[in-house]
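Take a look at the structure set out below.
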Amino acid sequence: MKFKKGEKNMSIRQKQSTRATSNFTPQTSNFTLSPSNFALPDRTKEFALRIIRLCLFLDQKPGVSRTLANQLLRSGTSIGANVAEGKGAQSERDFLTKYSIAVKEAHETQYWLDLISRSELVAENRLANIRQECNELVAILTTICKKLKKKRK
């Protein structure tokens with residue numbers, strides 16, 4: 001199902017459920033995240049929102065989880081920021097630079113998500129969807145960078 005740009009189709013209950021709770025479950029909107037119906041800048045922004053919700057949950061716990069949340073927050077939200085900067089790139093080279101940084105940030109985000117999972121701060125089954133999305137973003141961004149580099153040769 002495709003939605004018009006800017007259309008919000010979440011109920012109040014769904015919006016409330018996206019807030020940090022003691023049992024973190026990453027939430028997504030009513031539509032599936034796929035390249036065919038979700039532009040990359042929007043997809044990375046949705047991913048950043050999911051990262052923010054996870055970090056809010058981690059921040060409720062004392063100690064190490066707060067430090068990990070800060071690291072994850074920086075890398076996870078930086079992916080979308082660099083994609084957004086790429087939209088306004090002044091040249092193909094500038095675009096490639098921004099997207100290359102986004103790939104690096106996505107790899108770092110994979111690392112932090114893996115660490116959070118292995119340390120059992122959040123159960124793996126609760127992180128599976130967000131980790132899958134991160135893996136898909138890495139694949140998409142890597143493909144874009146590789147094709148652009150190949151084109152430039």
- Message: Salt bridge check, R43 against E136: does any charged N sit closer than 4.0 Å to a carboxylate O?
- Response: yes
- Query: Any side-chain hydrogen bond (donor to acceptor under 3.5 Å, both in side chains) pairs touching residues 68-86, not counting sequence neighbours?
  - Reply: S75-T109, S78-N82, E85-K98
- Item | Separation of T97 OG1 from E92 CD (nearest 0.5 Å) | 11.0 Å
- Task: Evaluate the side-chain proximity of S100 to V103: yes if any heavy-atom separation is below 4.5 Å, no if none is.
- Result: no
- Within-4.5 Å side-chain heavy-atom neighbours: L40 and L141: yes
- D59 side chain to C55 main-chain N or O, any donor-acceptor pair under 3.5 Å? no
- Task: I would like to know whether S65 and L68 meet side chain to side chain contact (heavy atoms under 4.5 Å, CB included); could you show each step before the answer?
- Result: CA-CA 5 Å; S65 57; L68 293 175; 5.6 Å; no
- Query: Does the side chain of F47 reach to within under 4.5 Å of the side chain of I79, using non-hydrogen atoms?
  - Reply: yes
- salt bridge (Lys or Arg N to Asp or Glu O under 4.0 Å) between R131 and E124: does it pass, once the steps are laid out? CA-CA 9 Å; R131 289 181 73 183; E124 172 56 36; 2.6 Å; yes
- So do L127 and L54 actually touch side chain to side chain, heavy atoms under 4.5 Å? yes
- Query: Does A139 offer a backbone N or O that forms a donor-acceptor pair with the side chain of T142 under 3.5 Å?
  - Reply: no
- Task: For R66, look at atom CZ and say whether over 12 heavy atoms of other residues, nucleotides or ligands are found less than 6.0 Å away.
- Result: yes
